[in-house]
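Scroll down for the structure; my scribbles are underneath it.
A note on names: the letters A, B, ... follow the listed sequences, proteins ahead of strands, and every chain is numbered from 1. Only heavy atoms go into these numbers, but all of them, side chains included; no hydrogens, no water, no symmetry mates.
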Amino acid sequence: MRAKRENLFHLLEPLLPQVEHPARYLDHEWGSVQDQEGPFHLCMVYADVYEVGQPNLGVAILYNQVNEQEGMSCERCYLPWKDMAELMRGSGVPLLSLEGAAPLASFDAIGFTLAHELIATNVLEALDLAGIALTSAERDEDDPIILAGGPSAWNCEPLADVFDAVLLGDGEESIVEVCACIRDARAEGVPRAEVLRRLARVPGTYVPSLYEVRVDEGATRWGRAVPRAGEDVPQVVLKRCVNDFAATPPVAQRIVPYMGIVQDRLSLEVLRGCARGCRFCQAGMTYRPVRERPAEQVVSASVEGLLASGHNEISLTSLSTTDHSQCARILNDMNEALDGKGIRVSIPSQRLDSFGVEMAAAVAGGKRGGLTFAPEAGSQRLRDVINKNVSEEDLERAARNAFEGGWRRMKLYFMMGLPTETDEDVVGIARMAERVLEIGREVVGRGPKSGVSVSISVAVLVPKAYTAFQWAGQLHPDEVRRRQQLLLSEIRDRAIRVSYHDADVSLVEGALSKMGRAGFALVRRAWELGCSFDAWTSEFRFDLWCRAAEELGLDLADVACEEFPLSAALPWDHTSPGVSKGFLQREWLRAVEGVTTPDCTRESCVGCGVCPALHVRNVIQGVRS
Amino acid sequence: MTGQPYEGRPQDMPVKAELPRLRVEYVKDSRLAFLGHLDLIATVERCIRRARLPFSIGNGFARRLRIQFTQALPVGASSSCEYFDLRLTEPIEAEEALERLRRATPPALAPSRAAYVPGRLPALEAWLDRSTWELEALAAPYDARDAERGVREVLERGELTYLRGEKEKRVDVAATLAGFEARDVEGGVAMTLDTRLSGCALRPQVLLDAVADVLGTGRPRALRVRRTAQAHEENGRLVEPFGPFDQTGGTPLS
Ligand code: SF4
């Protein structure tokens, strides 16, 4: 049943003195839209605490977009931390939106942002706190329509039972169409099931309940999803894509938080998409094509955004900012425009070549912290397998430039468990770290006072849907441990530090990435057993995930490490980012042979299929180097 | 306190004493009472940037604004009289600065007064050493007379210790308690507390917890705390935040 729309802040207020960081629940920030007239009400939920969710650009974009529409309002909601959730349950306070402090269950629609796989249990926690049924099938006629979108909507099958509809791809246009569709259908008084059918007709909208999973020949043991008999829905739902990206508002973040948040700065999305074609990278496949904003727009919008928000730092975000064809000019003009204002400019990651180091120097000012590179693999052979198009020379030159430029600490990111990986490749990681260290010592000098150090961080590959590695199995945890030991034993210099990404976490991610819709039983059971905030190392409970799997007769390693045949119908084949399966199959075969594939923003089209499928193209402002 | 070396953080150091020093009074109201001190500082800095005041930037690595704040309020306490001192690169009309700030600040932190103060006054945090608090204990299990008796007893003990996180804090009650009055009101007890800065600050909540302990009663259902005045104590006289800073009062000017 739809709850009454009313402001219940007075119920929350007495709890504030009893919780850690009450600032999480205050709302009323500068730039927030306090006027929430509706009559159509959407609430965007990021199912983690305020300081983690508030920086999310996706939420900000959709928030602005919906609030700008006549007759539509959009509020925000974050998941209360465990202390607050317990107090709320204890005193019967349901989950509330921030702006109107209205019960979530009173909204017309609720939109979850799926920022990563590990947010799954928090989605259930949010719905439960809100008093909304966990699955689409259990919901009443006039319950809110539960939507989802975001990067992890790619393979949202483990949560498919939860969502009434999933928005695939760029949401800035489709969110408004989806809201309008719900509004109109509700006004006509059509039954809920019919509302969902109409949603399925909005391009880019996937309505899971209209598909059923069939385990048949040609499918994996997790089956394939096909339209239910009699439902007029597409076999494959294609994503939405905003081709004229430069026409969208460059500064999405207009809310200035009171409390320190995870990325406490203004961010501006300078480009969308990446065509480098790393074969492990899901974002690289699902955000294509590449669309750059023009340099002038980036610079003027940055200055305006900083003045309007009062932030003292701006981050130029994207999947690969230094690939922007006008990157040097942008940074140069920004430095000029912001000189003397006490403002820091940052870019999220460094390209692994001299240009990357140059750009890092352009934003660093006088500061030289650590510099981060991601070679991903320890040998040229394996880097060719994953299509990480950097050579030994690139890396060595970049390292030399960085040490000469004043940096002393180098951080290198690697992955373990890449297809075809051998012990030699693992040992190669150690050799590469030593080589970088040696270059540092050559440039800066030997002896402990030189301050040269290298740290390497090694994650386990989680094969993701819509990548060339989607057929691969994850490396078995026993083998992960053996290779980790091997690497450790190869590191002899104390100026090299090694850290490993938690392999247990990767295993849960890996299992959920494989299972398709059957993953929901696992998520639900894990949540029932007490899992939430799984992305927080302090809260992640591997024992409970294992127990949940066991109760379902599953073994996490067994699920995650399973390889799929190249010809198999995959559990997520019915949704598509536009990249064709044929292209991914070819990429898999080339990977195994160690053949690289070029970047279509630098060389010609390599036939991934996105442009013809979506009638879009790469939009590059200058010439990429 | 004249002429002694400054002991605060380097970015608060009154370097560039010749830069105009604008003092701003503002409130901390309603739900923003729950904003912690560091978050408050960041928020005020953003308001100043939005107001486009000609603020001066420190020489430090972090390139912070040259700004000083008053003693942190306890989280949950509101105030009608918080202050910050901001160094500007050029003097603009105080009234205009106030108006610009007002337009760039959320209402719950609204600035109420602004004026230039002598550049060589000591750092705000140490200089404003007297506070007046209005407290309201809701559904208190004691009345006004008990509360006053309780405070006298706490005072006689001289020292008060309490735990803040893991750390034990010691408050010199005789030095920090400057006045206390209670009266019965509907729904509980209203109190006026005067505190003086001397070593570890006397927090209203801590004092009332100690009162409940010596009285052997439970604690009130809720305690509302509001700072209603701050001042500087000089030879037994109180100097208001905006002065007058006359020589006879002995306020150090250089
Ligand atoms: S279709 Fe061609 S040009 Fe377009 S993104 Fe794919 S590879 Fe690049």
Contact leader toward chain B among A:Ala308, A:Ser309, A:Ala23, where contacts are heavy-atom pairs under 4.5 Å: A:Ser309
Contact origin within B:Arg31 toward chain A - heavy atom pairs under 4.5 Å: both
Interface moiety of B:Ser30 toward chain A, non-hydrogen atoms closer than 4.5 Å: neither
Options B:Leu109, B:Leu40, B:Thr105, ranked by heavy-atom pairs under 4.5 Å with chain A, top entry: B:Thr105
Max heavy-atom pair count under 4.5 Å with chain A, selected residue of B:Cys47, B:Ala104, B:Gly36, B:Ala222: B:Ala104
Which atom names give the shortest non-hydrogen contact between [X] and [Y], and what distance separates them?
| X | Y | value |
| --- | --- | --- |
| B:Val75 | A:Pro22 | CG1-CG, 4.0 Å |
| B:Leu32 | A:Leu26 | CD2-CD1, 4.0 Å |
| A:His311 | B:Arg49 | O-CD, 4.0 Å |
| A:Gly342 | B:Ile57 | CA-CD1, 3.8 Å |
| A:Tyr258 | B:Asp39 | O-CB, 3.3 Å |

Lys/Arg cation over aromatic A:Trp30: B:Arg50, 6.0 Å, 45° cone: yes
Let me confirm one number: the [atom1]-[atom2] distance from [X] to [Y], rounded to the nearest 0.5 Å.
| X | Y | atom1 | atom2 | answer |
| --- | --- | --- | --- | --- |
| B:Arg46 | A:Glu29 | CZ | CD | 11.0 Å |
| A:Lys341 | B:Phe55 | NZ | CZ | 8.0 Å |
| A:Met259 | B:Leu38 | CE | CG | 11.0 Å |

Around atom [atom1] of [X], are there more than 12 heavy atoms of other residues, nucleotides or ligands at under 6.0 Å?
| X | atom1 | value |
| --- | --- | --- |
| A:Arg409 | CZ | no |
| A:Glu6 | CD | yes |
| A:Arg408 | CZ | yes |
| A:Glu86 | CD | no |

